[in-house]
There are 2 protein chains.
Amino acid sequence: MSPAEQPQPPRPVDVRRPTLNAVAARAGVGRGTVSRVINGSPKVSDRSRAAVERAIAELGYVPNRAARSLATRRTDSVALVVPDAESRLFAEPYFSEIILGVSAGLSSAGMQLLLVLTGDETEYGRLAGYLAAQRVDGVLLMAVHAEDTLPDRLAELAVPTVLAGRRGEAERLGHVRADNRGGARLAVRHLLAGGRRAVATITGPLDMDAARARLDGYRDALRDAGVPVAEELIAAGDFTEQGGRAAMRELLRRRPDLDAVFAASDVMASGAVQELRAAGRRIPGDVALVGFDDSIVARHIDPPLTSVRQPLAEMGRTMASLLLEEIAQRGTGQRGVVLPTELVVRESA
Amino acid sequence: MSPAEQPQPPRPVDVRRPTLNAVAARAGVGRGTVSRVINGSPKVSDRSRAAVERAIAELGYVPNRAARSLATRRTDSVALVVPDAESRLFAEPYFSEIILGVSAGLSSAGMQLLLVLTGDETEYGRLAGYLAAQRVDGVLLMAVHAEDTLPDRLAELAVPTVLAGRRGEAERLGHVRADNRGGARLAVRHLLAGGRRAVATITGPLDMDAARARLDGYRDALRDAGVPVAEELIAAGDFTEQGGRAAMRELLRRRPDLDAVFAASDVMASGAVQELRAAGRRIPGDVALVGFDDSIVARHIDPPLTSVRQPLAEMGRTMASLLLEEIAQRGTGQRGVVLPTELVVRESA
DNA sequence: TCACCCCGTGGGACCGCTCCCACGCGGCAT
DNA sequence: ATGCCGCGTGGGAGCGGTCCCACGGGGTGA
């Protein structure tokens, strides 16, 4: 039987790319020299450098990442972890825009971005070991809750980590967050400045620092204005539209006389709008409304929603640079960075 | 000078993790056997397998990915490429939801997801070589335009590739898309069924297949109903809100008597709403409106927008599985997969 | 002139895994 | 008893880089 007759096994198409060895041979130098050129070492003569660079260009050589990271024990890549429970939020600009910033910040440093969307709880539990074993150089962690222990486990494993938001006041790990408290304060001050006095708030889940901070800001603004804080004007939501509706309904029941609402997220505000409408209140005529996030829904809701903007892309970039610092020099990165928020005034308040 | 006195260089914290060798030693077997167990080879005795598994558990061993991929010439990771020009769309669920599906489809196969957001044109140009050199096992490409050559270059380099959407009817590469034409047809049929006769359309950029297909569907529906297609009822948009406004304005100028609009995206529909409102038309009283994408804005616009839904998460999952097939067995993956769209009726039509 | 230094350089020894070849051993047919 | 087969196994040889040590040669000072 001639070899041509037997059925060809699906031979693995491996288009071999040129190796560092090939470059060295072509340039007429040793491997070490090529490596030095690639890594920008100064101790290479101009002659050799030129020869190597020419060979690289001619062969279209690009170093093999796996080989390099095996030798260096670095991967030049970081993981961005988004817990699945939160992935509903993925539909909002929040994550997307942070990711955009992160990507920009990383790629300028030649780092790769590994996107890790975790499934169920158990998967999330295995994550620490997994991430350490993959030898990503660092981890960016989104949407951490107060009781989350993943960050600590990563710290134990000496994996540089930066959080989006902190778990609480005592956060020891590097993190980046918006000035939630200040933003909320701006929002409520704006409502008060509009002459409103019965200002309610719909909070986020209070096991998240951002939600607590926004509630604190609400209290701050009332205190600043000498308006007493009435507990029955505070209703708990969960950052979802449904939660916003339920909270708004509850607030209307408790205090039919309320004349303003600060919702700790636009999505909850959108739920509140529906409920207010159902109750026959006009916005902003009867009830003024301010949201938080300045997300895409804020612009498209009717009436367009006054909202607190956080600089998401910049937060992403900052996270990236904090992480890069920490990777380059452990224990160096700043602990917490707070970025300013601003009030975007539209028609709802 | 004693060594203790010189300033400590920032010693690289390298927490050595157990290697395959360590596992072999502990289990009292050879490296080959451990490797076989890890890779699920059947030719291992139960005794050895048990011993190895125990050792792995005790040491908390996880294989080093770099070493493995150096040896196998695989990376077990794929790149998801999102051209930056389109990243404004990133704010919409479109990308996010596809990514969610992709991630689900990949992680069940133990594959990693590398997110690559390209910056400017030149960066995009370098991408093919870059991706081939990184030895990602495959590439998922979003938002390809008709004249895009990146897919072809990847094909030349023998990198398995799957596109989200096709470049044109003659697409040779594997891709997944929604039934844009059918969806548009549904939308326009719905408008006609509502008694509308002067049905306009705002198209997307016609260098994208999805935009052309939606325009074709619009024509189909009119033809089905025996309504002649009037070219002045067709205005070009570009999938942006601004573009939608401009197109709507133009349409109102050309045909003040129009009584329905099919916008090829929700975002453009939202622009159209603003323009219609400014012109004093009521929706759907004077003008009925249908969008495309069923994005988050569709639900929050006033009035809530009737829109065509595409199964984004499923598209993502399908892209993942097509790519995995193609990676496992070159030339095997189905060329093009079309997923059904459906009309979500709300109040705008 | 000679010892010394330093600069640029080549190449050996890894990094941790997979692949594959060769070997030992027990069971079966002869 | 003897040969043979085949299963399970150990371990050598890469994969393609980096790191570092040792070495040659030109310049400098004595």
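We name chains A, B, ... by the order of the sequence lines, and we start the count at 1 in each one.
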| Integer-rounded Å distance: dT18(D) C1' and Ile38(A) CD1 | 10 Å

| Atom-pair distance (CG on Leu20(B); P on dC15(D)), nearest Å | 19 Å

| Under the salt bridge (charged side-chain N to carboxylate O under 4.0 Å, His left out) test, which residues partner Glu314(B), sequence neighbours left out? | none

| Where is the tightest heavy-atom contact between Asp76(A) and Asp137(A), given as atom of each residue plus distance? | N-OD2, 2.7 Å

Side-chain donor/acceptor pairs under 3.5 Å, residues 104-115 of chain A, sequence neighbours excluded:
unit_1: Ser107(A); atom_1: OG; unit_2: Ser103(A); atom_2: O; d: 3.2
unit_1: Ser108(A); atom_1: OG; unit_2: Gly105(A); atom_2: O; d: 3.2
unit_1: Gln112(A); atom_1: OE1; unit_2: Arg65(A); atom_2: NH1; d: 3.4

| request: Rounded to the nearest angstrom, tell me the gap between atom CZ in Arg73(B) and atom C1' in dT18(C). | output: 12 Å

| Ser321(B): side-chain hydrogen bond (donor to acceptor under 3.5 Å, both in side chains) partners, not counting sequence neighbours | none

| query | Whole-Å distance between dA13(C) P and Leu70(A) CG? | reply | 18 Å

| Nucleotide of dC19(D), dG17(D), dT18(C) approaching Thr72(A) most closely (side-chain heavy atoms) | dC19(D)

| message | Whether Asn21(B) contacts dC17(C) is assessed here as follows: a side-chain N or O lying under 4.0 Å from the phosphate OP1 or OP2. Is that the case? | response | no

| salt bridge (charged side-chain N to carboxylate O under 4.0 Å, His left out) partners for Arg26(B), two or more places apart | Glu58(B)

| message | I'd like to check the side-chain hydrogen bond (donor to acceptor under 3.5 Å, both in side chains) partners of Ser77(A); sequence neighbours left out, ordered by chain and number. | response | Thr75(A)

| note | Hits for salt bridge (charged side-chain N to carboxylate O under 4.0 Å, His left out) against Asp148(A), two or more places apart or cross-chain, chain-then-number order -> none

| query | Mind checking what makes side-chain hydrogen bond (donor to acceptor under 3.5 Å, both in side chains) contact with Arg172(A), not counting sequence neighbours? | reply | none

| Can you check the Arg74(A) CZ to dC19(D) C1' distance for me, whole Å? | 12 Å

| task | Compute the bend angle of the helix from dT1(C)-dA30(D) to dT30(C)-dA1(D) from the end axes (five pairs per end), rounded to 10°. | result | 50°

| Nucleic acid contacts - residues 54-66 of chain B versus DNA chain D, non-hydrogen atoms under 4.0 Å | none

| request: Please name all residues satisfying side-chain contact (heavy atoms from CB on, under 4.5 Å) with Ala313(B), sequence neighbours left out, ordered by chain then number. | output: Glu97(B), Arg317(B)

| How would you list all residue pairs meeting salt bridge (charged side-chain N to carboxylate O under 4.0 Å, His left out) that involve residues 28-45 of chain A, not counting sequence neighbours? | none

| field | N/O (side chain, Ser35(B)) to phosphate O (OP1/OP2, dC17(C)) under 4.0 Å | value | no

| query | Will you find, in the side chains of Ser48(A) and Ser45(A), an N or O donor that is under 3.5 Å from an N or O acceptor? | reply | yes

| task | Do nucleotides 4-13 of chain D as a string where each nucleotide becomes B, S or -: B if the base has a protein heavy atom under 4.0 Å, S if just the sugar-phosphate does, - if no protein is that close. | result | ----SBBBBB

| query | Side-chain N or O of Arg68(B) less than 4.0 angstrom from OP1 or OP2 on dT18(C)? | reply | yes

